[in-house]
Amino acid sequence: MILTVNTADLRHALIAVQPHVHNDAATGLDVVHFMADDQNIYVQATNTASAALAIVSVWEAEGLTGDPEEDSFDLDPTVVKELLQVFKASKNQPEDEIGDSLQIKISTKELIFTDISGLFPGKTYIVPNGNTSEVFPNLPRLFEEAVSAAKQVPSRILANGKLLQLFAHAAAAYKEPLAIEPTATRTRMLITCGESFIGLLMPIRAEEGSDLDVKLIEARDGWNRRLPALAYALRQRSTGRPDNEAALAEAAAEAALKAAKGVIIFRSNTTTPEPDPAS
């Protein structure tokens, strides 16, 4: 199997997905998993509490069987890091051309990554082709269920901070905001970044009446006690400045009107604006 891809496209996917690799080899999930068809390479990883999938466009493909299990391979996270070190990409590349490109040749013995950006092959990186994980889950099915599930916004969402931070790598790679969508499937939240990355995060559950639920309610009540006095004290010090949303909205509306029409609005001592003499 031979696949040709854009170098930057592959780098983005590796940077976004690699942080989600499981750190326990005994699970069989301590790999970045690749599946290919004639359109995309699907780069995947999961640590069972979060999961990530990114697509890399395939510009040319040879030797595909059409069987997802046959057209797949795994890479150790250390190999992924080395690939990112070896193969860089130009910052400015044409949108309709492949630009900096890599050829990936997969055989039963080895995987060969070759820079084919120039007239002649450039850097080559070769690693043994280990056995593909036999326990890697069907992540596309989980993502399909999350995408098709009804969007349901709960009153509260709890998430592990370290796991949530893993998705920041996708935002940095693709330079797109993260879209977080709670779904009717209570055990997972859908997180997307642009059109090339999709992820899942398992939220922390706090059943009503549980110790965690009680602790969270007490913490919120504490803020309800502290904040009003602080806000009132600061409001008293803001003499001469708008201290309510209505005043701020009115000032913004006047500024927008001035910018749009190029007129000066005079105000009397009341809240009614004086007529503009030019009109």
Side-chain angles (χ1 to χ4, degrees), residues 1 3 5 10-37 40-56 58 63-86 102 104-113 125-147 159-170 173 183 185-193 196-205:
M1 178 170 57
L3 306 168
V5 299
L10 179 62
R11 285 179 56 84
H12 294 160
L14 295 179
I15 291 170
V17 171
Q18 189 272 336
H20 298 267
V21 170
H22 206 295
N23 59 12
D24 185 357
T27 64
L29 303 177
D30 59 328
V31 295
V32 177
H33 185 63
F34 298 76
M35 290 194 317
D37 59 25
N40 299 295
I41 299 176
Y42 300 88
V43 184
Q44 310 166 57
T46 181
N47 53 39
T48 70
S50 72
L53 185 154
I55 58 173
V56 179
V58 172
L64 292 170
T65 66
D67 184 339
E69 293 188 1
E70 291 292 329
D71 299 333
S72 64
F73 59 94
D74 292 342
L75 288 180
D76 185 273
T78 57
V79 172
V80 170
K81 292 179 180 179
E82 290 174 0
L83 284 173
L84 292 171
Q85 289 294 325
V86 172
L102 278 178
I104 308 172
K105 186 175 182 179
I106 303 99
S107 67
T108 55
K109 292 184 178 181
E110 59 189 12
L111 292 93
I112 305 174
F113 297 82
Y125 182 81
I126 303 174
V127 292
N129 188 359
N131 294 328
T132 303
S133 174
E134 297 181 356
V135 297
F136 201 87
N138 186 347
L139 290 186
R141 180 182 62 81
L142 297 179
F143 285 119
E144 191 278 331
E145 291 175 354
V147 169
N160 180 295
K162 290 184 178 180
L163 292 175
L164 188 60
Q165 189 178 15
L166 298 180
F167 292 92
H169 296 273
T183 69
T185 304
R186 297 179 60 190
T187 57
R188 66 196 70 155
M189 290 189 297
L190 183 67
I191 301 180
T192 57
C193 184
S196 298
F197 176 88
I198 188 170
L200 289 175
L201 176 63
M202 313 310 165
I204 299 173
R205 301 182 65 177

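Atom CD1 of Ile55 sits about 13.5 Å away from atom NE2 of His12, to the nearest 0.5 Å. Here CZ of Phe143 is found 11.0 Å from OG1 of Thr192. Values are rounded to the nearest 0.5 Å. Taken to the nearest 0.5 Å, the CZ atom of Phe34 stands 6.5 Å off from the CG atom of Leu10. Between the CG atom of Asp37 and the OH atom of Tyr42 there is a distance of 4.0 Å, given to the nearest 0.5 Å. Atom CG of Leu53 and atom CG of Leu139 lie 7.0 Å apart (nearest 0.5 Å). Atoms OG and CE, on Ser72 and Met1 in that order, are 7.0 Å from each other to the nearest 0.5 Å.
Residues Leu200 and Leu190 form a side-chain contact, since some pair of their non-hydrogen atoms from C-beta on lies under 4.5 Å apart. Using a 4.5 Å heavy-atom cutoff, the side chains of Val127 and Leu83 are not in contact. Side chains of Leu111 and Leu75 form a contact here, defined as non-hydrogen atoms less than 4.5 Å apart. Counting only heavy atoms from C-beta outward, the side chains of Pro137 and Leu29 approach each other to under 4.5 Å. Between Leu3 and Leu64 there is a side-chain heavy-atom pair separated by less than 4.5 Å. Using a 4.5 Å cut-off on side-chain heavy atoms (C-beta onward), Arg11 and Leu84 make contact. Inter-residue side-chain proximity for Val80 and Val17 is flagged as unmet; no heavy-atom pair is nearer than 4.5 Å. Two residues are said to be in side-chain contact when any heavy atoms from C-beta on lie closer than 4.5 Å; Thr27 and Val135 fail this criterion.
Test Glu110, Lys109, Lys105 against Ile126 for side-chain contact (heavy atoms from CB on, under 4.5 Å) and you get one pass: Glu110.
Counting only N and O atoms by type, the side chains of His33 and Asp74 include a donor and acceptor under 3.5 Å apart.
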For residues 43-51, dump all side-chain donor-acceptor pairs below 3.5 Å to protein atoms at least two apart in sequence or in another chain.
residue : atom : partner : partner atom : Å
Thr46   : OG1  : Thr48   : N            : 3.1
Thr46   : OG1  : Ser50   : O            : 2.9
Asn47   : OD1  : Ala49   : N            : 2.9
Asn47   : OD1  : Ser50   : N            : 2.7
Asn47   : OD1  : Ser50   : OG           : 3.2
Asn47   : ND2  : Ser50   : OG           : 3.0
Ser50   : OG   : His20   : ND1          : 2.8

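Summarising the local packing, CD of Gln165 is surrounded by 12 or fewer heavy atoms from other residues, nucleotides or ligands at distances under 6.0 Å.
Side-chain atoms of Asp71 come within 3.5 Å of backbone N or O of Gly66 as a donor-acceptor pair.
Across all non-hydrogen atoms, the minimal contact from Ile191 to Phe197 is O-CE2, 4.2 Å. Contact detail for Ser133 and Gly28: the closest heavy-atom pair is OG-O, 2.8 Å.
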